Amino acid sequence: MNGNEDFRDQNALAIKVRFLGDLPAVVGGRDTTVSLPQGSRVRDLVTSLCERYGDGFRHRVVSQSGALHHDILIFLNGENIDEIGELAARLEGNPDMEIIMLPAFEGG
Amino acid sequence: MATTATRWVPTTCGMCYVGCGVRVRLEDGVVRSIEGDPNHPQNRGNMCAKGKAGVMSLYNPRRVQAPLKRTNPNKGLRVDPAWQEISWEEALSTIAAKLQEIHDDPKKLYVQSWESSGDLHTWLLNLGSAFGSPHLNNNASPTCGKVIHPVEFFSGGGFHQQPDLHYCQYLILVGTQFGIATRGAFNHMLRDMADARARGMKLVAIDPIGAFAASKANEWVPIRPGTDTALALSMLHVLLNELGIYDAEYLKHHTNAPYLVGPDGRYVREAGSGKPLIFDAADDQVKRHDDPTLRDPALTGGGQGGRPTFELLREHVAQYPPERTEEITTIPAKTLRRIAREFGEAASIGSTIRIDGVELPYRPVCVDWAKGSQGHKHGFHQCWPLKLLNIVVGAVNVPGGILSTAAAGKKPHRWWPEGGTDGMLEKGGNVMPVPHPKAFPGRTPTKPIRLDLAELFPLAPHFGTLLPITAQNGERYGLSYGMTVMLHSPVNSLFSSFGDHKMVESFYRSIPFIAGFAVEINETNLFDDIILPFPHYLERFDFTTGTGTRSIPICGMDDYYWTVRHPAVELPKGIRHPQEVIMEIADRVGILSDLYRLINHAFRLKEPYALQPGQRYSAPALMDVMTRCWFGEERGLPWFQENGVIRLSRDVEEAYIGRSLHARIPIYLEHFLDRGEELREVTSQMGLEWDLSDYKPLSEWMPCPSYDALRKGQYDFIAVHYKLPYVYGAFANENPWINELCESIPYAYSVLVNADAARAKGIQEGDVVWLETPAAKMTVKVTLTQCIHPEVVGIAGHFGHWSPGMPIAQGKGVNFNSLLPTDMEHIDKISTALDHCVPVKLSHTPPRGYIKPYFGP
C-alpha cells in the first residue's frame, strides 16, 4: 500500500500527522496530511511517511529489522498504539496521529 | 517562657541524585535538623554529610528569591550581568516570546535538563520535546553514564550495575569507589559494603589513586590511567586460556558465545530467515539460535564456514599476556595472574544457592566500574571487557554477581527487559516508560541535522558533550545554524557538563537568549538573560525523588519503594513550583496539550488520572493524582505526607533475573561492524576524516593522547579526577558545612601527587605550583602522598568557583573539567565520552603565556 498526498480516492482517509521531539527537525515541519485507502493501518502510514521523507526519517523511526525504534511513540487519536494493536492498528475515520521521538530519559 | 512548637516532617533528601528518606525537625516553622528515616529502605536511617548539611542550603542568604534579568548585554566568564529583579509576568512573557520566535524552526532550542533529584528533569525534557527540539541534553557530565548505561541495557537489562553485596565474596572495583564514597543507593550500599567486608568478602581496588575505596580494600593495585582495556583483556586471557575457567553452560545458553561467525566477522545466518546459526554438538547439526531442538550449543569447532564467537574471543585475548599488559598498565604480571585466578576460583562455577525455595546459580564475584573507566578517548572499549569478566564466569544477575539496576519489577506495575534482534537482549526495563540510552542494535548513521552530531554516533546514549565543539565550526559538519534559545535546570552545566571552560564560554555566548533556574547564582547563570528562582528540596513537591526509585535503586532482595517529596517549609513568596512554571510556559507557547500527552506517558498516567487538555494543575494536585494513579485511591498525597514511604517487597524472580531472561547477552559485538561501515560511508560522503577504529566486535587497547604525551616526554603526569563522599558534583559547594569539611581535610582543595615523584621535581608538601594542561594553566596547592600512582595527579570534586553569587566557594580548589582539551581528538567515537585523563606539567615556574583566567587562586 502506497499512500501519498496525490491519492484521489474520495473514500480515502485523510490523516493529520503531527511531529514532536526530534522529528520536526528531520521532516522540516510540525504537521502534514497523508491520504491512504480505507482499511489502512499504522504500518502503512509509517511506510508512506518513510517514502515521503526519505532515509533521514526512516532511519530515525524504523530499525533495520522493520520495528519502530524504542524511542518512537505513536498516538492515534490520543491513544498509544502500543495498547491498540501497535503497527497493525487500524486507521479509521479521519484520524489524528502524532509521531513523537522521545528524548533519552536520563544519563549520568 | 514561651513554648516551642516542634513537629517532624517525613520527606526526601535532595542533596544528591539518590533521594534518601529524611525526617525534618521544625521548631516554630524553622528547620532545626534533618535526620535519616529509619523506616526508609534506601538509607535505613543513615545520613551522609551532604544530607545533614541541607539545612544550610535552605537558609543560604544568597538564594535567588525572585526572577532576575540581566541588564548588561555582554556575556563572559568574568562579566557582571548586572541583575535586575523583575516580575514573574515579565520573565515568563519574555521566555515565551523568545520561544515563539523559533516556533517554525524548533531545533534552535537547546534544553539542558539534568536535575535528577526531582521532577524538573522530566518536565523540562518534555517541554523541549513538545516544542519539537532534538537538542535535549539529559545528562550531567561529559563522562558519567556514557558507557555504563548502553552496556548495561544490552548485557544486563537495566540502567546501571550494582555488585550483589549480600552474597559477593570477591569484588574488584576498577576506577570506582562504589559503596564507599560514591554511586547510586549510596547510604544503603555503605552499610552493605561494611557488612560484606566484615563477612569476609575480599575487596580489591584497582585505581590510579588510593583513595577512600582503596583505604577500605584488602588490596590496592595502582594502575596507569587509560589502560583498563589491557587489564581486562589480560585477565580474560588468564581465565580462558591459562586456567580454563569459564561458565560454559551459561555461555552456551544465555550469550551469543556459540553464534557462528564467518570470515567477514558477521554471523553466519540461515538463508531466508536471516537468523544467526549455532552448531549443536548434541546431533552435529547447524541450527537457528532459537531452534527448540537446540541442546548443546558448541563453543568450539564450527560449521557452515563459521566459528563460535567464544573461540574468537579466546584467540583475541591471547594477544594480552600479563607480561605485555605489565608494560601498559604497570601492574606486575604475577599480581594480575593472581587476581585473575582468585577471581575465577571465587566464582564457584557450577555451584548453586537456594533463596526462598528457589535454586539459582551462585557466582559470588564481580568486577565493578563506572566513571573512571568511561572517561577516555576509547572509553567504550575501556569498559566493555571489564563487563566481559563477569559474563564469562556467569556472574550476571545471579546471587553474588553483578546486578542490573531497575531492570525488572512487579510493583507498582510490571516492567521487564525483552529480547529482540537476533535473539539478543534489546529492550531494557524501566519503571517509567521512557527510552533508554542504547547501543544495540544502534541507529543507522545519516548526515547530521543535529548540532550535537547524534547522527554520527549511532551507538551512543547522549551527545551533549559535542555541542561546544560543533559550536566552533558547525559548517565543518554541514550545519549552518546555531542555537537561538537555551533553557536550563539549576545545575551548573558550565562546571560539570563539558570540558574546557573557554569552549563552553564560546558556546554559551553564541546563544542569543538563555533562561534558567537557579538556587544560587552559579557560573552557568552568569550567562543567563533571565533567571527563575528554584525551590530548595525542603520546599518542593516531586513525584520522582531521585535515582533511588527511578533508575539506580537497591538491587537484590531488599525492598523497593516509592516516596513523594513534599515541603517541610512553605515556599517563599517569590518562588514558584517548577512543574507549574513549565506548564505556564507551555500554555503561553501553545503546546500545553502536547506537554500533557508526554507527561501522561512518562508518568504512566491513565484515565481517569491523565492530565486533561485545557486544565491546569497545582504541584500538590499533580502529586495527588500521580500517587492515586500508581498506588490506589487510598494512597494519595496525604497518605505520603503522613507516612513518607511505601515499601514494595521483591521476590527472587525480580531480584535475580539472570537465568530467566528470554534473551541472550553478547560477548561479541557483531553489530559494531555494520554501524562502522555505515558510518564510514556517511562520513566519507561528507568529506570528514573520522576515526572508525573503535567499531570492532572485540575490544583492543588503544592509548589515550595523554599516554603518548608522557611517553614522548611532553608532559610529566596524567591528571585524573576522583570523588569525595561529602561532595556531589558542583552541587552544594557553597554550603558552609560542606566547605568546612573540605577545608579541614588536606586534599579536598589541593591536588594529590606521589611523594617520590614530586620530590624528584623539587616539589614539597604544601607547595603552590603551576599546573599546565593543553587546555588550562593555573596555580594549585600540592598534597604529597604515597597513595597515588607515580605518574598521576589526583584532583577531587568540582571546585574552583568564581561566581559572585558563591562567595564561600570562590577561589577554592580546582575545577577538573576546565583542564580538559575539548575537541574531536578527545571524544570516544562510540560513546561521546570526553577523555578525562589529561597530561599535566607541574612547575614552580609560571608557564609561558599564562593569563589569569578568572577570579581565584
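In this text, all values refer to a predicted model and were calculated from it rather than measured experimentally. In the text below, chain A, chain B and the rest are named by the order of the sequence lines, each starting its count at 1.
Exactly one of A/Leu23, A/Leu73, A/Ile100, A/Asp22 qualifies for a side-chain contact (heavy atoms from CB on, under 4.5 Å) with B/Ser129. That residue is A/Ile100.
At least one side-chain heavy atom of B/His103 sits less than 4.5 Å from a side-chain heavy atom of A/Arg30. Here the side chains of A/Glu83 and B/Lys606 are in contact, with some heavy-atom distance below 4.5 Å.
By the 6.0 Å contact criterion, CD on B/Gln100 is enclosed, its count of non-hydrogen atoms from other residues, nucleotides or ligands being greater than 12. Around atom NZ of B/Lys438, more than 12 heavy atoms belonging to other residues, nucleotides or ligands sit under 6.0 Å away.
To the nearest 0.5 Å, atoms NE2 (A/His70) and CD (B/Glu418) are separated by 12.5 Å. If you take CG on B/Leu598 and CG on A/Leu20, they are separated by 6.0 Å, rounding to the nearest 0.5 Å. Residue B/Arg597 holds its CZ atom at 10.0 Å from CG of A/Asn80, rounded to the nearest 0.5 Å. The CZ atom of B/Arg443 lies 13.0 Å from the NE2 atom of A/His59; values are rounded to the nearest 0.5 Å.
With a 4.5 Å cut-off on non-hydrogen atoms, B/Glu678 touches chain A through its side chain but not through its backbone. For a residue to count as touching a neighbouring chain, one of its non-hydrogen atoms must lie under 4.5 Å from one of that chain's; by this rule A/Phe19 does not touch chain B. Neither the backbone nor the side chain of B/Lys371 comes within contact range of chain A; no heavy atoms are under 4.5 Å apart.
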Inset, instruction - Begin with the C-alpha distance, continue with both residues' side-chain angles, and end with the deciding distance and a verdict on side-chain contact (heavy atoms from CB on, under 4.5 Å) for B/Thr444 and A/Arg58. - result: CA-CA 9 Å; B/Thr444 304; A/Arg58 184 193 321 277; over 6 Å; no
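Between A/Arg18 and B/Asp594, at least one side-chain N (NZ, or NE/NH1/NH2) sits under 4.0 Å from a carboxylate O, which counts as a salt bridge.
Between chain A and the options B/Gly442, B/Gly420, B/Pro134, B/Ala454, heavy-atom pairs under 4.5 Å are most frequent for B/Pro134.
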